[in-house]
Chemist: 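Would you mind keeping the following structure in view while I ask a few things?
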Amino acid sequence: MRQSHLFTKTRKESPKDEISQNAQLLIRGGYIHKEMAGAYDLLPLGLRVFEKIKQIIREEMNALGGQEVSFTALQDPELWKETNRWKGEAVDEVWFKTELNGGTQVGLGFTHEEPMTRVMKNHISSYRDLPRYTYQFQTKFRNELRAKSGIMRGREFLMKDFYSFNRSDAELEVFYEEAGAAYLNVFRRVGIGDFTYLTFASGGVFSKFSHEFQCVSTAGEDTIYIDTDKRIAVNYEVMSDDILRDLGISKEALVEAKAIEVGNIFKLGTRFSEPLGLTFKDEDGVDKPVVMGSYGIGIGRLMGTIVEVLCDEKGIVWPESVAPFTIHLVELSQGDEKIRAYADKLYEDLTVAGIEVLYDDRDMRAGEKFADSDLLGIPHRVVVGKTTTDSAIEVVRRKNGNKGVVTREKLLAGIYHA
RNA sequence: CGGGGUGUCGUAUACCGGUAGUACGCUUGCUUUGGGAGCAAGAUGACCGAGUUCGAUUCUCGGCACCCCGACCA
């Protein structure tokens, strides 16, 4: 991608209506645009990051046996009345409700347990049909009383929601552990593994605990207590001596921290299968309710968290796995046609080699190009200038500023640092 | 939802009951050129509505929007 063709521009100043670091940097870099409180547009760079994150999650969910689907946002009130969740007060008034032209009420989904369960009724009738796992990347609507923290808590957001359908609590238990491990894989792969802890949290009405994945950050809204040796944590909401005893954690070992909830997994049991009539015949011909679980990750929140946790005073620092491009090629030809031609050719060759390159071919001063490059946070900056030769091309690593030279041959082979 | 605050070019800000200024960005020209250049010339702005007033961007009221604190957060 030639940067001169990219329709977005960077900004020197942060918008005054954003306090959160994630939104400030993403807006300044032209990754996103704020449409209204709690609703953001993804611009080309932002969409690229989003798709990278989605693909990592998709791979992990597929490895769990998940089958990808995509459900409608429109929700049938009758279905939700069966689980007693159509009433606004039952769900903290997060419903966006609207109506069809004829006056029929519909809702915009804030989660999908009900419709997912209903669809599975058409396909699950025997123990031979189980287990089954589904997931989707789907837009959720939540009418939050107060949107805040930039893209971390929006009124419309893309969520990966995964649903498990098992024969028994024991079978769910085994799967639940696998799902937790897959979640840790996701957070490791997107670059925040070192800061993210499996956290015991309230199980609500369904079970003793649910598990959250909490990423330590001063931007977090939750408070957790971390056992750094065991790499687990307890949410302060459920913190008590009894819980610590159950978990075999000593109080002295705990460190308090603010954290961002980047994922959450729940054992639902038969909370939805019973009222909605999702049952199967077991080997003895007896009807039993399906045992369910649900597993969520907010994609935008995860993107915001990566920004919050890894950025520095100059801007965003993307891990290679989710960066919009791998290389930021910056030419400093300043009117020198030879340098310009060299950079053009290098851009073409890198692209042909299958490397994702953002090519800053704009006619600007070096300082401005470097500042933009730092702000955008692409992992490797390749600088083509007066001193560039095939045997010595300058590469700077964004995350630590380390500067080195590499041959053209190595660069095209995907080796960016000597 | 309770409390507090703010709405001025694209962005960030200033001033003012009587011609709305600055910086960045944008256009044109010249000079410059490895860390957000200089000079010159331009274009672009008062959230909406009502009221007070000779005159309102400024004061008052209402609306809307946005931000912050709290509450909330399967």
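Below, chains carry the letters A, B, ... as their sequence lines are ordered, and counting in each starts from 1.
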Chemist: Would you indicate what R153(A) reaches in the nucleic acid, counting non-hydrogen atoms under 4.0 angstrom: base, sugar-phosphate, or nothing?
Modeler: base
Chemist: Using a 4.0 Å heavy-atom cut-off, write out nucleotides 27-34 of chain B from 5' to 3' as B (base contacted by protein), S (sugar-phosphate only) or - (no contact).
Modeler: -----BBB
Chemist: Do R142(A)'s NZ or CZ and the ring of F157(A) fall within the cation-pi criteria of under 6.0 Å and 45°?
Modeler: no
Chemist: Tell me: NZ of K12(A) to C1' of rA23(B), nearest whole Å?
Modeler: 9 Å
Chemist: What class does the angle between the rings of W95(A) and W80(A) fall in, given that below 30° is parallel, 30 to 60° is tilted and above 60° is perpendicular?
Modeler: perpendicular
Chemist: Work out how far the P atom of rA41(B) is from that of rC24(B), and round it to whole angstrom.
Modeler: 15 Å
Chemist: What's the CD-P distance between E93(A) and rG2(B), to the nearest Å?
Modeler: 14 Å
Chemist: Which donor-acceptor pairs under 3.5 Å do the side chains of residues 87-94 of chain A make with protein atoms, sequence neighbours left out?
Modeler:
residue : atom : partner : partner atom : Å
K87(A)  : NZ   : N84(A)  : OD1          : 2.6
E93(A)  : OE2  : E89(A)  : N            : 3.2

Chemist: Given the P atoms of rC16(B) and rC54(B), what is the spacing between them in whole Å?
Modeler: 24 Å
Chemist: Establish, yes or no, whether a centroid distance under 6.0 Å links the rings of F187(A) and F213(A).
Modeler: yes
Chemist: Would you indicate what K16(A) reaches in the nucleic acid, counting non-hydrogen atoms under 4.0 angstrom: base, sugar-phosphate, or nothing?
Modeler: sugar-phosphate
Chemist: In plain terms, say whether R2(A) and D360(A) are close enough for a salt bridge, that is, a side-chain N and a carboxylate O under 4.0 Å apart.
Modeler: no
Chemist: Which residue lies toward the 5' end of RNA chain B, N264(A) or E13(A), if each is placed at its nearest nucleotide?
Modeler: E13(A)
Chemist: Do W318(A) and F325(A) have their ring centres less than 6.0 Å from each other?
Modeler: no
Chemist: Is R362(A) salt-bridged to D372(A), cutoff N-O under 4.0 Å?
Modeler: yes
Chemist: Could you tell me how far rU13(B) sits from rG45(B) if I compare only their C1' atoms? Round to whole Å.
Modeler: 13 Å
Chemist: Could you state the atom-to-atom distance from CZ of F157(A) to P of rC73(B) in whole Å?
Modeler: 15 Å
Chemist: When the C1' atoms of rG42(B) and rA46(B) are compared, how many Å lie between them, rounded to an integer?
Modeler: 22 Å
Chemist: Can you check the L375(A) CG to rG25(B) P distance for me, whole Å?
Modeler: 15 Å
Chemist: Out of rC26(B), rG36(B), rC1(B), which has the shortest distance to the side chain of L145(A)?
Modeler: rC1(B)
Chemist: K314(A) NZ to rG36(B) P: how many Å, rounded?
Modeler: 12 Å
Chemist: Could you give the distance separating rC1(B) and rG25(B) at their C1' atoms, to the nearest angstrom?
Modeler: 40 Å
Chemist: Could you state the CZ-C1' distance from R28(A) to rA12(B), rounded to the nearest angstrom?
Modeler: 12 Å
Chemist: Taking the six-membered ring for Trp, is the centroid-to-centroid distance between F175(A) and F162(A) below 6.0 Å?
Modeler: yes
Chemist: Flag yes if more than 12 heavy atoms outside K97(A) fall under 6.0 Å of its NZ atom; otherwise flag no.
Modeler: yes
Chemist: Under a 3.5 Å cutoff, is there a donor and acceptor pairing between the side chains of N235(A) and T199(A)?
Modeler: no
Chemist: Roughly how far apart, to the nearest Å, are rA23(B) and rA14(B) at atom C1'?
Modeler: 11 Å
Chemist: In whole Å, what separates the C1' atom of rG38(B) from that of rU32(B)?
Modeler: 7 Å
Chemist: Between K369(A) and S14(A), which residue's closest nucleotide on RNA chain B lies nearer the 5′ terminus?
Modeler: S14(A)
Chemist: Atom CE of M116(A) and atom C1' of rA74(B): how far apart are they, to the nearest Å?
Modeler: 15 Å
Chemist: R146(A) CZ to rG70(B) C1': how many Å, rounded?
Modeler: 8 Å
Chemist: With heavy atoms under 4.0 Å as the rule, sort D372(A) into base, sugar-phosphate or nothing.
Modeler: base
Chemist: Heavy atoms only, 4.0 Å cut-off, all strands: where does E368(A) land among base, sugar-phosphate and nothing?
Modeler: base
Chemist: Look at the side chain of R381(A) against the base of rG35(B) and say whether a donor-acceptor pair falls under 3.5 Å; ignore hydrogens and angles.
Modeler: yes
Chemist: Counting any heavy atom closer than 4.0 Å, what does K34(A) reach on the DNA or RNA strands: base, sugar-phosphate only, or nothing?
Modeler: sugar-phosphate
Chemist: With Watson-Crick and G-U wobble geometry limited to distances under 3.5 Å, how should the secondary structure of RNA chain B be encoded in dot-bracket form, using | for bases paired to another strand and [ ] for crossing pairs?
Modeler: (((((((..((((....[..)))).((((((.....))))))....(((((..]....))))))))))))....
Chemist: For rG5(B) versus rC59(B), give the span between their P atoms, rounded off to a whole number of Å.
Modeler: 15 Å
Chemist: Strictly below 4.0 Å, N to O, side chains only: are D76(A) and R118(A) in salt-bridge contact?
Modeler: yes
